[in-house]
Amino acid sequence: MKQKDQALIFEMSKPGRRGGSLPENDVPDVNVEELLPADYVRQEEPELPEVSELQLVRHYTALSKRNFGIDSGFYPLGSCTMKYNPKINEVIARLPGLAHLHPYQPEPQVQGALRLMHELQASLAEITGMQEVTLQSAAGAHGEWTGLMMIRALHEANGETQRTKVIVPDSAHGTNPASAGVAGFDPVTVKTDERGLVDMDHLKEVTGEDTAALMLTNPNTLGLFEEDIVEMAEIIHNAGGKLYYDGANSNAIMGKATPGDMGFDVVHMNLHKTFTGPHGGGGPGSGPVGVKEELVPYLPRPLLVKDGEQYKWDYHRPDAIGRIKPFYGNFGINMRAYAYMRSMGSQGLHQVSENAVLNANYLRKRLEPYYDIPYPQYCKHEFVLSAKRQKKLGVRALDIAKRLLDYGFHPPTIYFPLNVEECMMVEPTETETKETLDDFADAMIAIAKEAEEDPDLVLEAPHETVISRLDETKAARQPVLRYQEQ
Ligand SMILES: *Cc1c(COP(=O)(O)O)cnc(C)c1O
């Protein structure tokens with residue numbers, strides 16, 4: 001007989017069983033019913049499970065094992081960079097001298113923390129080729145919005161209020177057009193050509209006097225380097241626009257290519273991707289923004305500056321777009337990124353990018369005989385597959401993703417970018433061993449064979465998870481988050 005599911009705490013409940021005991025009430029003459037308004041006084045006992053302390057511990061432990069995270073297995077989620085979060089980062093971020101600081105402590109008391117932030121800004125500025133960096137923005141999308149607001153302020157200062165359009169490739173992350181909209185611009189789509197790169201003729205067509213900026217991810221979300229970037233920068237700059245670099249995922253470029261040299265004016269990075277901050281599950285992020293000299297006056301207030309040997313906050317910034325976050329950004333996640341960069345060193349970060357690209361190309365080559373690869377050239381840190389071939393057998397990218405769960409892998413990103421049919425976007429990252437990559441390739445190849453020989457096995461997957469296939473729309477729109485007895 002198999003042990004019962006330890007997560008089912010309500011089913012395990014037995015009347016009178018207790019996980020803890022409170023001392024007798026020794027406060028005399030307290031009548032709760034008199035102290036509280038009548039509406040607040042319970043008429044019935046709450047329906048809580050009655051279990052022992054050990055049962056409760058097993059309940060939460062069982063629930064925790066139902067999560068999937070990078071610490072439990074391979075997580076090749078394209079664009080999201082689910083790489084290993086080194087545990088030394090946690091040690092550093094939790095040092096009492098950092099973790100117990102209060103953001104309102106006077107500057108002379110927190111010089112050490114300010115120094116680390118200043119050094120982190122300088123490292124990020126060097127990696128991206130920017131003049132100055134703010135650590136305030138709390139996520140990639142927040143960084144995009146911050147950058148675009150600065151571009152807007154610059155155009156307004158120049159009297160160029162007709163610049164209302166932001167050009168975004170059709171392969172871009174969904175946050176790009178959304179941020180452009182929230183910053184008060186109209187997003188304009190530029191097409192991807194048969195190479196998987198920005199269609200240069202179309203770019204020329206949509207660029208004009210109303211262009212505020214081009215937002216670009218490079219390598220783009222197909223994992224391909226935009227080789228025409230220098231010409232693109234010329235086109236946009238000649239028209240009076242600015243170049244925005246979506247560096248959420250900088251895993252392929254560190255020490256290899258610099259957005260500043262490519263002609264970009266503003267960059268954001270996701271410290272919770274490239275720089276090993278944990279993410280997923282809605283935890284705190286950090287999306288620092290770097291700018292070239294011309295945009296420095298517009299950086300959010302306050303700006304951290306070094307004055308002689310002292311670090312201080314500069315609030316006297318009349319052209320700043322304002323403050324965009326309480327205090328100074330998500331300090332803890334910034335410290336994790338700092339710890340990572342210092343422990344890797346610049347040589348280490350070079351190697352990260354090399355191995356990230358090597359791993360992606362290795363997987364791409366292993367899967368090429370079994371799946372369509374719409375853009376067969378060398379990729380950078382990620383690549384896309386198409387399940388077009390499997391779709392003819394009735395098996396779609398979603399089904400393959402579900403079947404991967406049975407093999408113990410988190411699926412890749414699916415149906416993104418939108419311009420690839422039945423898209424699966426794979427980013428292995430540099431932190432995986434060759435053995436893990438091979439196991440994943442073997443699982444993908446096995447599923448491709450199942451699609452041919454026993455498609456129902458794939459269509460009905462997952463078979464091994466606690467809950468099998470969900471109605472995903474309903475799960476998102478009408479989530480049942482409360483225990484309900486069957
Ligand atoms: C993740 C990502 C973003 C958005 O970052 P968030 O921190 O989730 O807001 C933007 N662009 C690209 C290319 C990304 O991969």
Side-chain angles (χ1 to χ4, degrees), residues 70 75-83 85 124 128 134-149 166-183 187 192 196-198 213-226 229 243-254 259 262 264 266-290 324-325 329-330 332-334 336-337 356 360 379-384 412-420 423-429:
I70 187 65
Y75 206 140
L77 200 62
S79 192
C80 286
T81 318
M82 300 302 289
K83 61 163 81 171
N85 314 130
L124 295 171
T128 54
T134 176
L135 302 176
Q136 264 188 49
S137 26
H142 196 195
E144 291 169 22
W145 175 82
T146 303
L148 290 170
M149 290 303 281
V166 169
I167 303 169
V168 184
D170 55 5
S171 65
H173 195 277
T175 50
N176 289 190
S179 302
V182 176
T192 298
L197 306 177
V198 167
L214 165 70
M215 287 184 96
L216 200 70
T217 311
N218 193 20
N220 64 27
T221 59
L222 299 167
L224 306 176
F225 191 80
E226 296 281 359
I229 180 57
L243 267 86
Y244 184 97
Y245 185 85
D246 179 344
N249 186 338
S250 312
N251 235 22
I253 62 150
M254 287 186 291
M262 298 178 208
F264 288 94
V266 188
V267 175
H268 90 264
M269 291 143 281
N270 279 18
L271 301 190
H272 49 289
K273 287 181 182 167
T274 316
F275 300 98
T276 66
H279 69 126
S286 182
V289 182
I324 55 153
K325 173 141 187 7
N330 282 326
I333 202 90
N334 291 335
R336 286 172 176 82
C379 62
K380 293 292 180 263
H381 57 294
E382 58 196 1
F383 64 98
V384 294
T413 302
I414 54 172
Y415 300 110
F416 173 78
L418 304 174
N419 54 339
V420 172
C423 188
M424 304 189 84
M425 182 188 196
V426 183
E427 180 184 5
T429 85

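In listed order, ligands and their atoms are each counted from 1. Heads up: numbering here begins at 1 and tracks the sequence. All values below come from the heavy atoms of this structure, side chains included, with hydrogens, waters and symmetry mates left out.
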*Any non-hydrogen protein atom below 4.0 Å of atom 5 (O) of ligand 1?*
yes

*Among all protein heavy atoms, pick out the one at the shortest distance from atom 15 (O) of ligand 1; state its residue, atom name and that distance to 0.1 Å.*
Ser79 OG, 2.5 Å

*Would you please classify the geometry between the His279 ring and the His272 ring as parallel, tilted or perpendicular, with 30° and 60° separating the classes?*
perpendicular

*For Ala139 and ligand 1, does the shortest N/O to N/O distance drop below 3.5 Å?*
no

*Under a 4.0 Å heavy-atom limit, does His272 contact ligand 1 with its side chain, its backbone, both, or neither?*
side chain

*Kindly indicate whether the side chain of Glu144, heavy atoms from C-beta on, has any atom under 4.5 Å from the side chain of Asp246.*
yes

*Tell me which one of Thr175, Asp246, Asn220, Thr274 gets a heavy atom nearest to atom 13 (C) of ligand 1.*
Asp246

*asked:* Are the side chains of Met424 and Thr413 in contact, using a 4.5 Å heavy-atom criterion?
replied: no

*In Å and rounded to the nearest 0.5 Å, what is the CE to OG1 distance from Met269 to Thr128?*
4.5 Å

_Nearest 0.5 angstrom please: His142 NE2 to Ile324 CD1, how far?_
4.0 Å

*Below 4.5 Å, heavy atoms only, C-beta onward: do Ile70 and Asn85 meet side chain to side chain?*
yes

_Top protein contact for atom 2 (C) of ligand 1, by heavy-atom distance_ = Lys273 NZ, 2.4 Å

*Hey, is ligand 1 close enough to Asn249 that some N/O pair sits below 3.5 Å?*
no

*Does Ala141 approach ligand 1 within less than 4.0 angstrom via side chain, backbone, both or neither, non-hydrogen atoms only?*
both

*Region of Thr81 that comes within reach of ligand 1 [heavy atoms, distance under 4.0 Å]*: neither

_Could you check whether Thr81 and Asn249, counting side-chain N and O atoms only, form a donor-acceptor pair closer than 3.5 Å?_
yes

*Close approach of His142 to ligand 1, heavy atoms, under 4.0 angstrom*: no

_I'd like to check Thr217 versus Glu226 (side-chain heavy atoms, cut-off strictly below 4.5 Å). Are they in contact?_
no

*Do Thr221 and ligand 1 have an N or O pair less than 3.5 Å apart?*
no

*If you measure from each non-hydrogen atom of His279 to ligand 1, which part falls under 4.0 Å: side chain, backbone, both or neither?*
neither

